[in-house]
Student: 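Here you go, one structure.
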Amino acid sequence: MTVLFFLHGLGQTPQSWQEQVTALPLDFKAHAPWLHGLRPDQRSEFDIEAAADAVLSLIPQFTTGPVALCGHTTVP
């Protein structure tokens with residue numbers, strides 16, 4: 001089974017995906033992690049490579065199979 005990871009944009013939170021996650025079938029696996037450097041209690045300078053590495057390190061915790069990524073950002 002493919003596990004879907006929802007990735008929030010800058011200035012957003014994992015809760016930005018709440019409606020999408022709750023609309024999925026109950027047997028569907030999805031996760032919306034905090035991106036590295038953006039969690040309020042662990043703020044550091046955002047680095048896209050560090051954030052990508054952190055997401056990649058999370059994947060084995062949830063699956064050994066395929067994953068799909070879904071992300072968005074807001075444009076001012």
Student: Please find the pair of heavy atoms, one from Gln15 and one from Thr13, that lie closest to each other, and give the distance.
Tutor: OE1-OG1, 2.9 Å

Student: Do you know which two heavy atoms are closest between Pro14 and Ala32, and how far apart they sit?
Tutor: CB-O, 3.0 Å

Student: Per the ring pair (Phe, Tyr, Trp, His ring centres under 6.0 Å) rule, what does the pair list look like for residues 31-52, sequence neighbours excluded?
Tutor: Phe5-His31, His8-Trp34, His31-Phe62

Student: Near Glu49 CD, under 6.0 Å, is it more than 12 heavy atoms from other residues, nucleotides or ligands?
Tutor: no

Student: Among the clusters formed by ILVMFWY side chains lying less than 4.5 Å apart, do Val21 and Leu4 turn up in the same one?
Tutor: yes

Student: Can you measure from CG (Asp47) to CG (Asp53) and round to the nearest 0.5 angstrom?
Tutor: 8.5 Å

Student: If Ile, Leu, Val, Met, Phe, Trp and Tyr residues are connected whenever their side-chain heavy atoms lie under 4.5 Å apart, and connections chain through other members, are Trp17 and Leu10 in the same group?
Tutor: no

Student: With a 4.5 Å cut-off on side-chain heavy atoms, are Pro33 and Leu7 touching?
Tutor: yes

Student: State the CG-CG distance between Leu56 and Leu69, to the nearest 0.5 angstrom.
Tutor: 8.0 Å

Student: Check whether Val3 and Val55 end up in the same hydrophobic cluster, where Ile, Leu, Val, Met, Phe, Trp and Tyr are linked by side-chain heavy atoms less than 4.5 Å apart.
Tutor: yes

